[in-house]
Number of protein chains: 2
Amino acid sequence: MNTRGMNIRPAEPAGKELRPARTNATRQKLFEASMELIGERGAAGVTVDEIAAAAGVSKGTVYYNFGSKADLIAQLLRHGVDILKARLASTGTGTSAGAGMVPGEAASGSGPRPDPLLAMEAMIGQAMDFMAEYPSFARLWVSENWRTPSEWQDTFAVLRAELLEIIGAAIESVAAVYPVDETISRGSLETAIFGACFVVGLDRQTYNPERTRNQSVAAIMAIMRGYVVK
Amino acid sequence: MNTRGMNIRPAEPAGKELRPARTNATRQKLFEASMELIGERGAAGVTVDEIAAAAGVSKGTVYYNFGSKADLIAQLLRHGVDILKARLASTGTGTSAGAGMVPGEAASGSGPRPDPLLAMEAMIGQAMDFMAEYPSFARLWVSENWRTPSEWQDTFAVLRAELLEIIGAAIESVAAVYPVDETISRGSLETAIFGACFVVGLDRQTYNPERTRNQSVAAIMAIMRGYVVK
DNA sequence: CTAACTAAACTGACCAGTCAGTTCAAATAG
DNA sequence: CTATTTGAACTGACTGGTCAGTTTAGTTAG
C-alpha cells in the first residue's frame, strides 16, 4: 500500500473545494481519462500508465492524487453517481427540494401539482441522457456492481442505496396519487426500473443507436403504467 | 496462437457427441470452474492457472481443449446461452412448440390455447431460476456484454440475437391476443425485459436475497401489463 | 516558499502461452 | 490370451513479458 500520497496530501480539511485549482483540474482530467478507458476495457484491463498518459499527466501524479488504482476507481464511482444524482434530482422527484417542487397533497394553495407520472417520465429521460453522455460510467457500473467479493463492495452498496432512494421517492409520489398494484414489491420495482435504465441505455449505445431517446423512455415507462392499476 | 491442440484434436466430424468421454468430462469441469471464477472476479481477473486448478486439471489441458483463454470464454458464453435458451423454450413461448400448455380463453378448434401473458410469466420465471442457478453466468454477461471493442463482440451479437428472438416471439404472442400500445417500440421493449431479468436476478442474489422469485417475476411482468392497453 | 507535479528507473509479483515429456486405454499383432 | 503399438489426453516447468506501486532528484506554478 502507498502511504506517501495519503500522508503528504493536505488533509482536505472537511471543507469543500479548498483545493488548489491545479489539483482539481488534474483530478478532473484523470476522472475523464479513466472513465473512458475503464468503461471500454474494464477496471482490470487498463493500466495506471495508460490512464496517466491519456490524462496528459505523469504516473507519479496519479499516485500523488490517489493512493492507489483501486482508490482512483472508488472516487470515480462516487464522482459519476454525484453527476447522475444531480440530474435525477433536477426533475423534482427526489426527496430534497428540487426544481419543480410539489407542495402537499391537500390544496395548499401554492400552485398546480405536477403529475407524478410525468415527473417519473422526466426522470427516466434524464437517466437516458446520462447513459448517452457517460456510457463508460454505465459500463463500469454494470461490470463491477454485482461482483462478489469486490474491492468496491461497500462503495457500491452506498451509492446504489442513494440512487434507489431517489427512484423510490418518485415511485412513492406516483403511489400517493394513483391507485397502484400493492402486490408488487416496492423494492423489486425500484430495482427493475433502475436496471432497465442502465440496460436500455447501454443497449441503445452498443447495438441500436437508431433507437430514439423517447422510445427508450416509453419502454421503461411501461413498467410504471403496469404498476398503476387499470 | 496454439496450433497443436486444434490440429491434433479429432476434427469433431460435424456430428454431435462423438468425443471421448474423458474430454467431455474435462470440458464440463472447465466450464463449471471458469464460470464460477470468472463470474466472481471478471474475465481479466482470473488466471488460467486458477481455472485449471479449480477444475482439477493441469494448465496444459486448458490449452489442449481450448486454443486460448479468450476461446474458453467464448465457448463458455455459448454454453450458458444454450442452457438459458433451453429453459426459456420449455415454456412453449418460443418459436417451437414446448411443454406446459395453459388452457386459455378463446376456445379454438385444435385444443386449448395458452394465455400468452401466463406463458410470458412462466418464461420470466424460468429466467429468474436460471439467474439464481447460474449467477456467475449472469455476471459474466453483464460484465462483458457492452464492452466495445471486445474480444467477444461477435459472439455477443449472435447470442444476444438468439435470446431476443425468443423474447420477441413471446411478446408477439401477447400482441396477437391482447390490445397493446403500438407506440411502444417492440425492440426497446424486448431489451427492457431482457435487461430487467438480468438485473433483477442479479440484484436479488447480491443485495436482496430475501426477495422471492415471485416478487421478482411480478415486478418484471409490470412491463408487460403496461404494454397491454387498459 | 511550498504544494503540485514530472520523468525515469526500479522492484517484485504475476501471468498467458509453450513444449518436451508422460500416461493409459484401446487397437492390433503374435 | 499376452505383448506391442498408437495417439489422444494430459502434465507442469519454463519463458518472455507486463504491471502496480515505489523512489528519487528535480521542475513548475500559485
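Excluded from the calculations below are hydrogen atoms, water molecules and symmetry mates; all remaining heavy atoms, backbone and side chain alike, are included. Within every chain, numbering begins at 1; the chains are lettered A, B, ... in the order of the sequence lines, protein sequences first and strands thereafter.
- Here the shortest heavy-atom pairing between A:Gln205 and A:Ala132 reads OE1-O, 4.3 Å.
- In terms of phosphate contacts, A:Tyr64 brings no side-chain nitrogen or oxygen within less than 4.0 Å of OP1 or OP2 of C:dC5.
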(request) Tell me, with the steps shown, if A:Thr155 and A:Arg78 meet side-chain contact (heavy atoms from CB on, under 4.5 Å). (result) CA-CA 8 Å; A:Thr155 301; A:Arg78 159 57 66 191; 5.7 Å; no
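- We find that CG of A:Leu30 is positioned 14 Å from P of C:dA4, with the value rounded to whole Å.
- We find that A:Arg204 and A:Glu210 are not joined by a salt bridge, their nearest charged nitrogen and carboxylate oxygen being 4.0 Å or further apart.
- For the pair B:Asn24 CG and D:dC10 P, the computed distance is 10 Å after rounding to whole Å.
- Side-chain N/O atoms of B:Asn65 include one lying less than 4.0 angstrom from OP1 or OP2 on D:dC10.
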(request) Verify side-chain contact (heavy atoms from CB on, under 4.5 Å) between A:Gln28 and A:Asn24, making sure each step is shown before the conclusion. (result) CA-CA 6 Å; A:Gln28 185 62 34; A:Asn24 281 334; over 6 Å; no
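- For the 3.5 Å distance criterion, the side chains of A:Arg139 and A:Tyr134 fail to qualify, holding no donor opposite an acceptor.
- Direction change of the helix axis from one end of the helix from C:dC1-D:dG30 to C:dG30-D:dC1 to the other is 20°, with five pairs defining each end axis (rounded to 10°).
- What separates OH of A:Tyr63 from P of D:dT24 is a distance of 17 Å, to the nearest Å.
- Phosphate contact (OP1/OP2 of D:dC10, side-chain N/O of B:Thr26, threshold under 4.0 Å): present.
- Residues A:Tyr207 and B:Phe156 keep their aromatic ring centres 6.0 Å or farther apart.
- Salt-bridge check for A:Arg147 with B:Glu40: failed, with every basic side-chain N at 4.0 Å or more from each acidic carboxylate O.
- Atom P of nucleotide D:dG21 and atom CZ of A:Phe66 are separated by 13 Å, given to the nearest angstrom.
- Atom CD of A:Glu50 and atom C1' of D:dA20 are 13 Å apart (whole Å).
- As judged by a 4.0 angstrom heavy-atom cut-off over every strand, B:Val46 is placed among residues touching the sugar-phosphate backbone only.
- Salt bridge annotation for A:Asp129-A:Arg87: absent, with no cationic side-chain nitrogen under 4.0 angstrom from a carboxylate oxygen.
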Find every protein N or O atom lying less than 3.5 Å from an N or O atom of nucleotides 12-17 of chain D, and list the pairs.
none

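- There is no side-chain donor-acceptor pair under 3.5 Å between B:Ser188 and B:Thr191.
- The distance between atom CG of A:Asp71 and atom P of D:dA20, rounded to the nearest whole Å, is 15 Å.
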